[in-house]
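For reference, the structure discussed in these notes is given below.
Below, chain A is the first sequence line, B the second, and so on; all start at residue 1.
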Amino acid sequence: MELKVNQDNCLGCGVCVVACPVNVSISPEVSGGHGSINEDVIMMVENGFIKLFNEDKCEKCGTCQMFCPVDAIWLE
Amino acid sequence: MIANTKEVKDKDFSIKRSAEEIRNLSFKDHVCIGCGICESTCPVSAITLDDIGAIVRTDSPNSKLSVNEDKCVLCGMCSGVCPADALIFSIDSQPISKINSYPKYDAYAEIDDEKCIYCQKCEIACPREAITIARSLPDRSKLVTGEIDINEEICVYCGICEEMCPADAIDVNRTPEAESISVNMDKCVYCLVCKKSCPVTAIKAACRICSYGDYDINMEDAVTKGSSFIDDELCIKCGWCEGVCPTDAAKVKKPFEGTLTIHQDKCTVCGTCVDVCPCDVLSFSKPSKSGEIVSNVAKDDQYCIRCGACAKACPVEAIEVKITNVDYTPTKSKSWIGKFEALKN
């Protein structure tokens with residue numbers, strides 16, 4: 001499976017960024033709703049849209065897909 | 001040339017080789033718990049476990065397992081070590097679980113019908129919906145005794161008793177000139193509500209239960225009868241039925257002994273393990289009072305089968321599952337013994 005995003009659907013809410021367990025373990029402050037302090041996380045919101053930075057770190061748990069309100073991020 | 005042929009139907013598959021004997025490996029996706037024991041046991045690395053977390057939590061069309069039929073040597077080891085019996089290996093249509101020379105887990109779940117009182121607690125608790133308890137209740141009319149009599153000369157057909165009756169036993173026809181009242185004795189429980197609510201005292205009723213009525217009841221008529229059924233295909237011997245059974249009728253023997261450790265400091269509370277666990281062992285901790293700080297994930301250890309599906313699915317390696325003992329039937333084959341022993345860590 002591969003992590004995919006669709007920026008046309010994305011509202012830039014950032015729920016996937018803070019819900020992603022891998023992001024939280026890389027950059028703990030995101031679990032509190034803050035932005036990551038570095039670009040080591042899997043995904044971040046950039047200019048209002050979701051962007052994948054390190055999709056190779058994805059463990060394919062499906063948490064981002066479960067929480068995304070608009071089907072802008074999914075595993076396929 | 002002898003080749004393995006693979007047949008795929010929805011998420012299930014079947015691999016077959018026809019030579020002197022017909023060897024067949026079939027996979028049932030809905031039974032698979034995603035533990036990955038088959039993947040690590042396969043001697044030729046033909047099995048790939050897909051991303052179980054994503055499959056269980058989203059409506060993914062992917063099958064939990066895939067087997068490369070060009071690599072598969074149809075040895076049957078994956079089927080032997082599968083704790084859920086999702087992989088079935090058969091030789092000339094005989095599953096190896098029925099062939100004595102092949103080892104299998106010494107595990108079972110059974111319900112003793114002599115002890116079962118058909119309370120259905122196990123059916124409700126079973127995380128795999130593998131249990132069906134069918135029961136037939138006694139006739140309610142045989143459990144109550146009493147007398148009721150309506151004096152139609154006094155009755156004004158007001159319908160109050162009909163509205164009050166909790167058992168729907170009274171029928172009042174209030175059409176002028178066609179008025180009537182009747183009591184369905186099979187439904188009446190002699191609660192006397194009608195008698196007490198009648199504004200004209202037209203009803204005479206007595207409940208005999210309290211004074212001497214118990215002797216009127218044949219206790220054989222008061223017994224709930226039934227039967228229990230465990231679907232072997234779905235049962236994973238987690239022990240919930242045994243844990244909730246009030247009469248010790250359910251008995252479960254698990255295939256593995258071991259430990260489940262949650263590293264709360266690594267856990268990011270994504271809930272993947274909670275959704276993946278086939279035994280409803282893991283849950284989000286609930287505070288007992290407001291403001292209490294609880295651990296991230298709680299475990300109900302007695303129902304864990306140590307399959308390791310949670311540890312495999314955890315994206316941040318916060319769960320560790322260790323198998324310390326494997327219970328399997330004896331075999332002469334060293335390679336099979338080796339594979340069963342290799343499950344321990």
Legend entry - Most chain B-contacting option - heavy-atom pairs closer than 4.5 Å, from A:Cys20, A:Gly62, A:Pro28: A:Gly62

Inset, instruction - Kindly compute the distance separating CD (B:Glu317) from CD (A:Glu59), expressed to the nearest 0.5 Å. - result: 7.0 Å

Inset, instruction - Can you see which heavy atom on A:Leu75 is nearest to which on B:Ala54, and at what distance? - result: CD1-CB, 3.3 Å

Inset, instruction - Look at atom NZ of B:Lys299 and say whether more than 12 heavy atoms of other residues, nucleotides or ligands are closer to it than 6.0 Å. - result: yes

Legend entry - Sub-4.5 Å side-chain heavy-atom contact between A:Met1 and B:Ser60: yes

Inset, instruction - Enter the distance from B:Asp50:CG to A:Lys60:NZ here, rounded to the nearest 0.5 Å. - result: 9.5 Å

Legend entry - Neighbour count above 12 (heavy atom, 6.0 Å) for B:Glu292 CD: yes

Legend entry - B:Lys322 NZ: over 12 foreign heavy atoms closer than 6.0 Å: no

Inset, instruction - Please report the closest heavy-atom contact between B:Val316 and A:Pro21, naming both atoms and the distance. - result: CG1-O, 3.3 Å

Inset, instruction - Counting only heavy atoms closer than 4.5 Å, note whether A:Ser31 contacts chain B via side chain, backbone, both or neither. - result: neither

Legend entry - Point-to-point distance, once rounded to the nearest 0.5 Å, from CD1 of B:Ile52 to SG of A:Cys61: 13.0 Å

Inset, instruction - Show your reasoning for whether side chain to side chain contact (heavy atoms under 4.5 Å, CB included) applies to A:Met66 and B:Asp275. - result: CA-CA 12 Å; A:Met66 276 177 75; B:Asp275 291 335; 4.0 Å; yes

Legend entry - Greater than 12 external heavy atoms within 6.0 Å of A:Lys57's NZ: yes

Legend entry - Exercise: identify the closest heavy-atom pair between B:Cys270 and A:Ala19: CB-O, 4.5 Å

Inset, instruction - Report, as yes or no, whether the 6.0 Å neighbourhood of atom CG on B:Asp265 holds more than 12 heavy atoms from other residues, nucleotides or ligands. - result: yes

Inset, instruction - Answer yes or no: is there a side-chain heavy-atom contact under 4.5 Å between A:Thr63 and B:Thr272? - result: yes

Inset, instruction - Determine whether more than 12 heavy atoms belonging to other residues, nucleotides or ligands lie under 6.0 Å from atom CD of B:Glu7. - result: no

